[in-house]
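Just so it is clear, the values below take in all heavy atoms, side chains as well, and ignore hydrogens, waters and symmetry mates. Just so we're clear, the structure is a prediction, and the values are computed from it rather than from any experiment.
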Amino acid sequence: MKFDYKNIEPKWQKAWADAKIFEAVDFDSRPKWYGLVEFPYPSGAGMHVGHIKAYSSVEVLSRKRRMQGYNVLFPIGFDSFGLPAENYAIKTNTHPHIITEKNIAHFSDQLKQAGFSFDWSREFATSRADYYKWTQWIFLKLFEKGLVFRSKTLVNYCPQCKVVLSNEDSQGGKCDVCHSDVVQLSKDVWFLRITDYADRLLDGLNDVDYPDSVKQQEVSWIGRSTGAFVNFKVAGTDDNLEIYTTRCDTLYGVTFMVVAPEHPILDKYKAQISNWDKVEAYREECAKKSEFERTQLVKDKTGVKIDGLTAINPITGKEIPLFIADYVMMGYGTGAIMAVPAHDQRDYDFAKAFGVDIIEVIKGGDITKEAYTGDGEMINSGFLDGFTNKKDSIAKMLEKLEEMGIGHKGVQYKMKDWAFNRQRYWGEPIPLIHCPECGTVGVPESELPLTLPDVENFEPGQEGKSPLAEIESFVNCKCPKCGGAAKRETDTMPQWAGSSWYFLRFCDANNAEAFADKKKLEYWMPVDHYNGGMEHVTRHLLYSRFWHQFLYDIGEVNTPEPYAKRTYQGLILGPDGEKMSKSKGNVVDPLDIVEKYGADTLRTYVMFMGDYTSATPWSDEATRGCKRFLERVVGLVDIATATAEDADIENKLHKTIKKVSEDIENMKFNTAIAAMMALINDFYKAGSITKSDLEIFIKLLSPFAPHITEEIWETLGNNPDGKTFCTMSAWPTYDESKIQDSKLKIGVQVNGKVRGVIEFSPDASKEEVIALGKADEKVASFLEGKELVKEIYVPGKILNFVVKN
RNA sequence: GCGGGUGUGGCGAAAUGGUAGACGCAGCAGACUCAAAAUCUGCCGACCAUAAAUCAUAUGGGUUCGAGUCCCAUCACCCGCACCA
């Protein structure tokens, strides 16, 4: 038999598709298993070997589950709204719809050629109206429940892409799409109240099986902190300046206050501020800095003392100066802080630079040198003096503040509400209408989908306006409430909208009456295993958990969390060890590999190249090694001539069944393949194997290399009707009695160093083993003339003689 | 600065506290061949002519009969967050 992958692979891909064996069956009585991979953004560049690796883990698991008798849902679709398609459309003057559908066709072809066992009958794309109708529907539900709001605040804005970005989309001060510096602009935009779900997003992590690194990243992104809000009186006014602090017990050490440059109190008391020129100049200076400069580069404290405006320390009654400084951010807490220079390094640096008093209130450090942030006894703190426990002193102060009516306990999150709109064309139109009489009104459900109108020009408009704003027939409409003339919202949803619920649509992808049938959702959800990239942990994963939790709250879905288990894959680096990128020219195209070595080789290699979660460079030579392995597998057909079972081969085969079964469950695909390679080396050494040995072996290999194993299966006469596939055959189980060794082989140590190896039957007594160890020539030479202090025998593991001179 | 992770041959990597380097790549030698490729067989951490011994899992300590694995410290690299009050 020959390894004729060019004919074999298309042949079986067609046979499986014709037999519809990968189509999931709703309400089937077999146990369900829902495996999910992050559906791709269909870029013009086509698929990447990284996609192959990302999808192969759940692919292998899905194929194994089918063989284990599960009703498997392993779907695929396309996350097809987004900026790259739109930018390409602008460049080539082609409608993004045309480009997107072309790219989808290309991606589908690549995925099929790689032999993925997706259920194509459930395929959809987020940019098609029958899908985004329901994205809009969910948005309207969020709107109805008050989770959508509009606010004019400082937002992240990418000057390159000309869009407002969410916090998640501008991590590190860089635009997620084009990586240029993001600037802060005051803009009137739509937000989703994801912070209402902050605690739920945290608590939900206790009930799901995610890697710790994933959980930790979500926890730190949400950034929950507990503390207190305290009001400081603005001297000579009835106004209060509210601050947030996690250490209200250090209030006696507060010697000044700082507000963010954008803080509204400044404008309010403009008339009172005698150095307004300086204040304004500083504000302008800050506004020019990018978020990156403001947070990362400048560590020297800058600021301006506000002359003519002071505050009162509520606990000491003392008048304290007020500053503006850009080390205080408007976006966290209240945009104003109480400064405790003795115990906060930033406040300390600022106090030193501006000559403000530093009062020690916690003993233990040397405040002439630096701020002391450790624990210690409270001093100079009135009723708190003598407290040594942080918890107690905070609680006591809180009690006092509440009594005085000037403070209360509070919680803050680093996570911000989700800026939910883009001033671009290629996205879901936001289904809202602005009526001069009724305010903002949702588009009636019966009018969904609110379809994206055809336009000639996709260029983002002036002053950050969406191209939709130019289309009068779209903009002008009637208010659904009062029937008067009204205008449509012209912004579109961000790229993460469609992917925030797509796993639900797969449960019932062709439903025109609902986003998915409830009974089907109940049957399929939650997703049993979801694999994807680490880069989505604080974006898509968080957003989709939020939407799902919301849908759970309004009774639309039956599980509180969407994904029972989440895993991630490591990157495939270029052959040079660098991250693959077009500009470096080190990108490997999966179709080239399919052409040169076949899909089975590609699939086997991406799973064999290293630990699944770590980044591994691509190696064309090592890929050839996997092809060699598959050729040797084909060669087994010629030696499957034995008529009687060989005990040693049976032992090795059953050990391999156990190892491969367990390794797949533990995502240790590399060692699973290594074990199969080792096994066929043993097969060849044995000279011949039975047909049954070969059948079991190809079943184990089938999830990795489904085509060639299917061909061998047929060659062996197991598929007489063309529909009895290896792919759907029963997963092998191992026989416990067959994995017992007839002989044990262990190392013999003298003082912990291996000096010999002995072999004996498993029922040998300790005495017999020790005698055997002593009899070993080499061991004996190390024992000679020494005093034997101790004999340690760990059955089946090791024998160690401890000797003294 | 905070959080998480990694460090093992020429390379990708394996090793429930128990024979370090499975498996693969590259390399070397041999077989087949007129020859080459492919294939097959053998070797393949360092030191060494060879064997033995010795050394060897980033570095330095420790626990243990025994440490790549556990503990402490240090260094290097990677990822995430970051003037978060």
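In this structure, A:Phe629 atom CZ and B:C40 atom P are separated by 13 Å, rounded to whole Å. Between the OH atom of A:Tyr332 and the C1' atom of B:C84 there is a distance of 4 Å, rounded to whole Å. Across the protein-nucleic acid pair, A:Ile639 atom CD1 and B:C40 atom P stand 12 Å apart, rounded to whole Å. The distance from atom OH of A:Tyr568 to atom C1' of B:G80 is 12 Å, rounded to the nearest whole Å. To the nearest angstrom, P of B:C81 lies 14 Å from NZ of A:Lys416. The separation between A:Asp326 atom CG and B:A85 atom C1' is 14 Å, rounded to whole Å. Atom CD1 in A:Ile746 sits about 9 Å away from atom C1' in B:G18, given to the nearest Å.
Residue pairs meeting the side-chain hydrogen bond (donor to acceptor under 3.5 Å, both in side chains) criterion with at least one partner in residues 778-793 of chain A, sequence neighbours excluded, are A:Lys774-A:Glu791. Among pairs with a residue in residues 210-219 of chain A, those fulfilling side-chain hydrogen bond (donor to acceptor under 3.5 Å, both in side chains) read A:Glu218-A:Arg545, at least two apart in sequence or across chains. Listed by first then second residue, pairs satisfying ring-ring contact (aromatic ring centres under 6.0 Å, His included) with a partner in residues 334-354 of chain A read A:Phe256-A:Phe350, A:Phe323-A:Phe350, A:Phe323-A:Phe354, A:Tyr327-A:Phe350, A:Phe350-A:Phe354, not counting sequence neighbours.
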Please write out the pairs of protein N or O atoms and N or O atoms of nucleotides 51-54 of chain B separated by less than 3.5 Å, giving the distance to one decimal.
{"from": "B:U54", "atom 1": "OP1", "to": "A:Arg755", "atom 2": "NH2", "distance (Å)": "3.3"}
{"from": "B:U54", "atom 1": "OP2", "to": "A:Arg755", "atom 2": "NH1", "distance (Å)": "3.1"}

Look for any protein N or O under 3.5 Å of an N or O in nucleotides 63-70 of chain B and output each such pair with its distance, or none.
{"from": "B:C65", "atom 1": "O2'", "to": "A:Asn800", "atom 2": "ND2", "distance (Å)": "3.3"}
{"from": "B:C65", "atom 1": "O2", "to": "A:Asn800", "atom 2": "ND2", "distance (Å)": "2.5"}

Distances under 3.5 Å between protein N/O atoms and the N/O atoms of nucleotides 21-26 of chain B, please, pair by pair.
{"from": "B:G24", "atom 1": "OP1", "to": "A:Asn681", "atom 2": "ND2", "distance (Å)": "3.2"}
{"from": "B:C25", "atom 1": "OP1", "to": "A:Arg628", "atom 2": "NE", "distance (Å)": "3.0"}
{"from": "B:C25", "atom 1": "OP1", "to": "A:Arg628", "atom 2": "NH2", "distance (Å)": "2.8"}
{"from": "B:A26", "atom 1": "OP2", "to": "A:Arg628", "atom 2": "NH2", "distance (Å)": "3.3"}

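Look at A:Arg224 and you won't find any side-chain N or O under 4.0 angstrom from OP1 or OP2 of B:C84. OP1 or OP2 of B:A85 has not a single side-chain nitrogen or oxygen of A:Tyr244 nearer than 4.0 Å.
Under the rule for a salt bridge (charged side-chain N to carboxylate O under 4.0 Å, His left out), the partners of A:Glu662 that lie at least two apart in sequence or sit in another chain are A:Lys658. Contacts of A:Glu38 classified as salt bridge (charged side-chain N to carboxylate O under 4.0 Å, His left out), with partners at least two apart in sequence or in another chain: A:Arg566. When the ring-ring contact (aromatic ring centres under 6.0 Å, His included) test is applied to A:Phe704, no partner is found at least two apart in sequence or on another chain. Every residue meeting the ring-ring contact (aromatic ring centres under 6.0 Å, His included) condition with A:Phe229, not counting sequence neighbours, appears here in chain and number order: A:Tyr244, A:His408.
Nucleotide B:G61 carries an anti base; the chi torsion (O4'-C1'-N9-C4 or O4'-C1'-N1-C2) is more than 90° from 0.
Comparing B:A85, B:G12, B:G80 by their nearest atom to the side chain of A:Val328 picks out B:A85.
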Dot-bracket for RNA chain B: what is it, with Watson-Crick or G-U pairs under 3.5 Å, [ ] where a pair crosses earlier ones, and | for a pair to another strand? (((((((..(((.....[....))).(((((.......))))).((.......))..(((((..]....))))))))))))....
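Across all strands shown, A:Asp212 has no heavy atoms under 4.0 Å from either base or sugar-phosphate atoms.
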What pairs of donor and acceptor atoms, side-chain ones from residues 330-341 of chain A against any protein atom, are under 3.5 angstrom apart with sequence neighbours left out?
{"from": "A:Tyr332", "atom 1": "OH", "to": "A:Ser225", "atom 2": "OG", "distance (Å)": "3.4"}
{"from": "A:Thr334", "atom 1": "OG1", "to": "A:Glu242", "atom 2": "O", "distance (Å)": "2.5"}
{"from": "A:Thr334", "atom 1": "OG1", "to": "A:Ala336", "atom 2": "N", "distance (Å)": "3.4"}
{"from": "A:Thr334", "atom 1": "OG1", "to": "A:Ala336", "atom 2": "O", "distance (Å)": "3.3"}

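Judged by atom type and distance alone, A:Lys301 reaches the base of B:C83 through a side-chain donor-acceptor pair under 3.5 Å.
Side-chain atoms of A:Thr538 and A:Gln171 include a donor-acceptor pair closer than 3.5 Å. A:Trp496 and A:Asp169 share a donor-acceptor pair across their side chains, judged by distance under 3.5 Å alone.
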